[in-house]
Amino acid sequence: MEEFKTRIADKMLELARGWLDDGPLRSYTEAFIREKIKEPMVFGELVIYHYYMFRGHEGNEVETAAAIELAILACDILDDLEDGDAPSKLWMNTPPPHALHVATSLLAMAPLALAASVPDELAGARLATMMNRQLLHSAEGQMLDLVDQMKDEISYLNMVGRKSAPFFVMSCMAGVLAAGSPWNEGVAIYACELGIASQIKNDVRDLLRWDEKSDFLRRKGSLPMLWLMENAGEEYGWITDYYSGRIAVDSVLDKKAQFREACEKSGAILYASVQGRLYYNRFCSLLEQTDAEPVWKDKLLQRFS
Ligand SMILES: CC(C)=CCC/C(C)=C/COP(=O)(O)OP(=O)(O)O
């Protein structure tokens, strides 16, 4: 996949140069793409796996994957601007109106680039509609996260299912449609399971961090955080006090080790990891039942194991 990653990255830059005239918007976009391609490209990879799983042979899968990654980049920029938790990212060190403008332009460019990545006009229109629908679903979920009303596990899982799962559905389905197959409901279902499993994994990581992305320090709800609040016990009363705003950040900043201890002792990490694993196992068994190229199904499983 490393070879594909380089090709997807080059294609993203090529698309920006093709869709935008020479000027400041293009310069910013290229710079943001260069920043983005330092990270793994999970969503572009999902496109490639599904393209081959569904026996695609037109040979333009890298462009389809690059168009998906452009949409993901737009959402990454918006998410970082909204959460304010990624101060080292290039777009967070750019005047906010400029960063916002690049994200908005990418959201217009990505469906056009996706549609143009397949030879057939009708198939292109289907791809663009599918992308916009999934982005809109994700925007609804992101809004639930922003207003932060996740008071229990059900509302939290509902938010995650809406916010993160659509990115996985969009990427897997782009590969399926670009390969010339119709919408596949089985793929949509397992993509949701994988999306929720991945977000829970992300949440466990963000629970244990002690920097600007720490969900605890940011008083942000997540599955392990909800468990911790319920089960930390009196010894760790300061955790609930801080979380509900009764004490200030200065009173907890030196309690990193005690916080980790509470996460372990309360079972928050174990609980969230087991929940994540349940979603992952459902993804595996649904993938197993899918009629697709076995060699590529195995590669997909290995990548997400
Ligand atoms: C339409 C938009 C903007 C959708 C964004 C959805 C999304 C998956 C955000 C990342 O969540 P996160 O904030 O939990 O992830 P991270 O910890 O990586 O910032």
Side-chain angles (χ1 to χ4, degrees), residues 35-43 72-73 75-93 99 138 141-142 144-151 153 155-157 159-160 163-165 167-168 194-233 235-277 279-280 304-305:
E35 172 89 356
K36 169 78 182 159
I37 60 190
K38 292 180 195 159
E39 295 168 5
M41 284 205 215
V42 176
F43 299 101
I72 299 293
L73 170 58
C75 294
D76 276 352
I77 298 170
L78 288 174
D79 180 61
D80 289 344
L81 287 169
E82 290 160 1
D83 292 350
D85 63 352
S88 61
K89 286 280 166 62
L90 180 60
W91 41 85
M92 296 305 287
N93 293 284
S138 176
Q142 175 77 346
L144 291 177
D145 196 10
L146 290 173
V147 298
D148 199 7
Q149 287 174 342
M150 281 86 61
K151 298 291 169 247
E153 198 172 311
S155 52
Y156 170 79
L157 289 172
M159 179 280 289
V160 169
K163 173 182 92 161
S164 309
F167 284 177
F168 287 76
L194 180 62
I196 297 173
S198 302
Q199 184 65 42
I200 294 176
K201 205 169 164 185
N202 203 8
D203 287 347
V204 171
R205 188 196 62 202
D206 288 350
L207 177 78
L208 295 175
R209 300 175 70 128
W210 205 252
D211 56 14
E212 64 280 347
K213 278 190 98 67
S214 151
D215 281 343
F216 171 64
L217 294 176
R218 294 171 58 224
R219 298 190 173 101
K220 203 158 174 276
S222 74
L223 191 64
M225 206 53 233
L226 286 166
W227 179 273
L228 181 63
M229 303 287 279
E230 290 264 310
N231 300 284
E235 189 190 342
Y236 300 103
W238 56 272
I239 293 182
T240 8
D241 285 345
Y242 172 72
Y243 203 74
S244 49
R246 286 193 289 274
I247 57 174
V249 71
D250 298 346
S251 331
V252 301
L253 273 180
D254 61 346
K255 294 189 192 294
K256 179 179 172 183
Q258 293 97 308
F259 179 76
R260 278 187 167 249
E261 191 182 83
C263 292
E264 294 282 351
K265 274 198 194 166
S266 66
I269 300 169
L270 182 66
Y271 176 73
S273 305
V274 169
Q275 289 298 317
R277 201 72 204 171
Y279 283 95
Y280 176 76
F304 287 92
S305 60

key: Heavy-atom check, side chain of Tyr280 versus side chain of Ser305, under 4.5 Å   = yes
Contacts of Trp238 meeting ring-ring contact (aromatic ring centres under 6.0 Å, His included) (sequence neighbours excluded), chain-then-number -> none
inquiry  = For a 4.5 angstrom cut-off between non-hydrogen side-chain atoms, does Arg205 reach Arg209?
reply    = yes
Rounding to 0.5 Å, atoms CG (Leu81) and CH2 (Trp91) come to a distance of 9.5 Å
So OG of Ser138 and CG of Leu78: to nearest 0.5 Å the spacing works out to 10.0 Å
Quick check on Lys213: does its NZ atom have over 12 non-hydrogen neighbours (other residues, nucleotides or ligands) under 6.0 Å away? yes
The reported gap from CZ in Arg219 to OG in Ser244 (rounded to nearest 0.5 angstrom) is 8.0 Å
In short, Ile77 meets Ala99 closest at the heavy-atom pair CG2-O, 3.8 Å
Hits for salt bridge (Lys or Arg N to Asp or Glu O under 4.0 Å) against Arg218, two or more places apart or cross-chain, chain-then-number order -> Asp85, Asp215
Taken to the nearest 0.5 Å, the spacing of Lys201 NZ from Leu223 CG works out to 15.5 Å
Is Leu157 close to Ile200 at the side-chain level, that is, under 4.5 Å between some pair of heavy atoms? yes
Presence of salt bridge, Lys220 and Asp145, under 4.0 angstrom = yes
Value for CG (Leu144) from NZ (Lys163), rounded to nearest 0.5 Å, stands at 10.0 Å
For a quick check under 3.5 Å, do Tyr271 and Glu153 share a side-chain donor-acceptor pair by atom type?
yes
Counting only pairs under 3.5 Å, give me each side-chain donor-acceptor contact of residues 247-262, with atom names and distances, residues two or more places apart or in other chains.
unit_1 : atom_1 : unit_2 : atom_2 : d
Ser251 : OG     : Ala248 : O      : 3.2
Arg260 : NH2    : Leu208 : O      : 3.2
Glu261 : OE1    : Tyr236 : OH     : 2.5

Item to complete: For Trp227 and Leu270, indicate whether the former's side chain and the latter's backbone hold a donor-acceptor pair under 3.5 Å.
Response: no
CD (Gln199) and OG (Ser222) are apart, to the nearest 0.5 Å, by 9.0 Å
Fill in: Side-chain heavy-atom pair Asp211, Leu217 within 4.5 angstrom cut-off
no
What one should report as the nearest heavy-atom pair of Ala197 and Gly276 is CB-O, 3.6 Å
Taking the side chain from Tyr279 and the backbone from Ser198, do they hold a donor-acceptor pair closer than 3.5 Å?
-> no
For Asn93, the side-chain hydrogen bond (donor to acceptor under 3.5 Å, both in side chains) test, sequence neighbours excluded, returns none
For Ala268 and Pro224 the tightest heavy-atom approach is CB-O, 3.5 Å
Please tabulate, for side-chain N and O atoms in residues 36-43, each donor-acceptor pair with protein atoms closer than 3.5 Å (sequence neighbours left out).
unit_1 : atom_1 : unit_2 : atom_2 : d
Lys36  : NZ     : Asp76  : OD2    : 2.7
Lys38  : NZ     : Glu35  : OE1    : 3.1
Glu39  : OE2    : Lys89  : NZ     : 3.1

For Leu226, the side-chain contact (heavy atoms from CB on, under 4.5 Å) test, sequence neighbours excluded, returns Tyr156
Side chains of Cys263 and Leu207: does their closest heavy-atom pair fall under 4.5 Å?
-> yes
